[in-house]
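Notes follow once the structure below has been shown.
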Amino acid sequence: MKLRDYIIRRLILLIPILLGVTLLTFTVSHIIPADVARVFAGGEKANPETIARIRAEMHLDDPLYKQYYYYLNDLIHGNLGKSYSENRPVVDAIKQYFPATAELTVLAMLLAIPIGIITGIISAVRRNQWIDHVTRLIAITGVSIPIFWLALMLQIAFAYKYPILPLDSRLGIDVMAPKHITGLYIFDSLVTGNFAALKSSIYHLILPAFTLGYASLGIILRITRSSMLEIVRSDYIRTARAKGLKERTVIYKHALRNALIPTLTVSGLIFAGLLGGAVLTETIFNWPGMGRFAVNAVNNLDFSSVMGFTVIMAIIMVTANLIVDILYSVLDPRIRLGE
Amino acid sequence: MEDLLKVRGLKTYFYTYEGVVKALEGINLDIYKGESLGLVGETGCGKSVTALSIMRLIQWPPGKIIDGEIHFNGKDLLKISEEEMRKIRGAEISMIFQEPMSSLNPVFTIGSQIMEAITLHQNVNKKEAEEKAIEMLNLVRMPDPEKVMNQYPHELSGGMQQRAMIAMALSCRPSLLIADEPTTALDVTVQAQILDVIQRVNKELDSSMLLITHDLGVVAQICDRVAVMYAGYIVEIGTVKQIFKNPQHPYTKGLMNAIPKIHVKTKRLEVIRGVVPNLITPPSGCRFHPRCDHAMDVCKKKVPPVTKVEEGHYVACFLHGGAK
Ligand SMILES: Nc1ncnc2c1ncn2[C@@H]1O[C@H](COP(=O)(O)OP(=O)(O)OP(=O)(O)O)[C@@H](O)[C@H]1O
Ligand code: SF4
Ligand SMILES: [Mg+2]
């Protein structure tokens, strides 16, 4: 019961957070001196009547607090407004872009988390041996190589020099998209038995997922390695050895469980961050995801889209934090949620 | 008396960036069956390193046992394989540490940590291991043992944590218990209780003990014999009576003068003039000579040999021979 109460309390916390976030983005987007209505109506040569209609539609002539009130009212009803740059409801746009990002992120993390943790442990256990130097090199390059550079190098290598992997968005042009179930192509094509789409979507995912995963792997590896190094010197590890346990048990039972706590936190935050769309990766790989959607929206002064994106991100972040906290309490008995 | 443990010429060094820490410079030590030997000396003199060397738990890098013999039940622990050594650790030689809080793994229950030691060394099933663990907790007078089995270390007080550590260490009935300052981190009132538990349980199980401490009062109260360490050497060893009534080494005498009465508890032993030497560049000859009121020329040049004062009482000092 305590855990349930805790989760409910945390979810209630979403309300003030969303209020704060929307108020902030709302204010910022409305003090920008741009005539949004004119832009949407077609720019300089726009028909004044169209502009007036748009102004009315967007409540632009009302005082700010009233506009904000309208916005909140819509938000409560699950309506994020209309995207003028996409010419459809913001919710529809997000429904399309989010699965693309989610698919990419999940794959990147599936790559980064296990490999990061395993290499982090090996690196710590074999400290200062050649394998440690190699994994540290991976970690350093992972966190320091600019992602756009890595992406470009991979494209040059695997798309131009040895053209084995495609670069055109999520699917080849000659491939039919799988029937929309979740919007995750791999999942949808598997379920519907559309193997052409499955193969094509996997091929398209490899390069961007690797790019994204590589950077995350560096961070996860480093955090695992450093917490492992600290823990193997701790008193309770000495106790475990003094019991007569095998070194393998000492490391993988006694040390790892403790070392995973910081790794988990970092992984959760990376994951949540990536779900918001990796702007650079998505742009370079022409990936139709949240990051690209947000950038487009900003460039086009499409404020309802920007705000929609912000709201979704806030929800993702809060939920991710909540899940991390719950897992945290599972791993570490010293943390009792809801007390 | 019969030897249980016989340490000869034990040398342990640490290879650090600042230089080689010569932590043990040829330790000789006997522990008899059923006795309790106290090991005293100022901070940094090598007491813990001695204990960890006996357990073969010196971690490389940076530490390494570079020479010596440790005979235990007829085996030289420095010659056997790691696997054989693992069967001795926790089963025949156990160790408890200064900080009970950090010495228990925070993410496992007390019960699982004790049972782990039992199932590792004894051929029992889970149920029997659990019964044994509870039996051990009863033996160390843990309040409400069944409940404690399912509790995590942070849910216990320092004294209860140390009781749990003792229960764990003694769960396989080792013939030697090494206790490295087992009460230093505890409240004064709890210290006495824990010492009492260690002493009583140790007697009940008929094991020997190496008790490392700063507290000469504790030694007088619990130990049969005492070894005095200084900067990587054992400088004097004898029965508690011999050492307390008739200390020979100037350092031991300094320690004795530091306590007005035996049964009065003292703080850290730091009343001897001068400071603990750096073990990377230790003083030549007798390592105590910069602080010794009786230092002679020879003390700076040669390491004093061990000489017999009387039966069972030995000292390493040129005042007692070897100085020519
Ligand atoms: N892991 C290590 N790396 C480097 N030097 C070490 C290490 N462990 C111990 N030493 C050195 O070995 C010497 C002996 O240390 P030890 O811990 O045995 O002292 P001690 O007598 O137990 O002191 P205390 O009473 O403070 O516990 C010290 O000079 C210490 O600095
Ligand atoms: S050997 Fe010399 S310096 Fe060392 S304790 Fe004896 S008299 Fe003092
Ligand atoms: Mg010590």
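Just so it is clear: chains get the letters A, B, ... in the order the sequence lines come, proteins before strands, and each one is counted from 1.
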Verify the neighbour count for atom [atom1] of [X]: are there more than 12 heavy atoms of other residues, nucleotides or ligands below 6.0 Å?
{"X": "B:E131", "atom1": "CD", "value": "yes"}
{"X": "B:W60", "atom1": "CH2", "value": "yes"}
{"X": "B:R173", "atom1": "CZ", "value": "no"}
{"X": "A:R222", "atom1": "CZ", "value": "no"}

Can you tell me which portion of [X] sits under 4.5 Å from chain A's heavy atoms? Options are side chain, backbone, both or neither.
{"X": "B:S103", "value": "both"}
{"X": "B:L52", "value": "side chain"}
{"X": "B:M168", "value": "side chain"}
{"X": "B:L57", "value": "side chain"}

Most contacts with chain A, counted as non-hydrogen pairs under 4.5 angstrom, among [options]:
{"options": "B:Q113, B:M85, B:M95", "answer": "B:Q113"}
{"options": "B:Q59, B:E99, B:E82, B:M101", "answer": "B:Q59"}
{"options": "B:P174, B:P106, B:A169, B:A117", "answer": "B:P106"}

Would you check if the side chain of [X] reaches a backbone N or O of [Y] as a donor-acceptor pair within less than 3.5 Å?
{"X": "B:N105", "Y": "A:H254", "answer": "yes"}
{"X": "B:S102", "Y": "A:D235", "answer": "no"}
{"X": "A:K243", "Y": "B:L120", "answer": "no"}

message: For the interface with chain B, which of A:R241, A:R127, A:R233 has the highest count of heavy-atom pairs at distances below 4.5 Å?
response: A:R241

message: Could you walk me through whether A:L245 and B:R89 satisfy the side chain to side chain contact (heavy atoms under 4.5 Å, CB included) test, starting with their C-alpha distance in whole Å, then the side-chain angles of each, then the deciding distance to 0.1 Å, before giving a yes or no?
response: CA-CA 8 Å; A:L245 291 171; B:R89 278 189 212 121; over 6 Å; no

message: side chain to side chain contact (heavy atoms under 4.5 Å, CB included) for A:T239 and B:M165? Distances and angles first, verdict last.
response: CA-CA 9 Å; A:T239 307; B:M165 277 296 289; 3.9 Å; yes

Spacing of CZ belonging to B:F97 relative to OH belonging to A:Y236, to within rounding of 0.5 Å: 14.0 Å

- line: Shortest non-hydrogen pair, B:V107 vs A:N258, comes out as CG1-OD1, 3.4 Å

- request: Given salt bridge (charged side-chain N to carboxylate O under 4.0 Å, His left out), test A:K253 with B:E116 step by step and report yes or no.
  value: CA-CA 11 Å; A:K253 184 175 171 194; B:E116 185 181 35; 3.0 Å; yes

task: Determine, for B:Y152 and A:R334, whether the Lys NZ or Arg CZ falls below 6.0 Å from the six-membered ring centre while staying within 45 degrees of the axis.
output: no

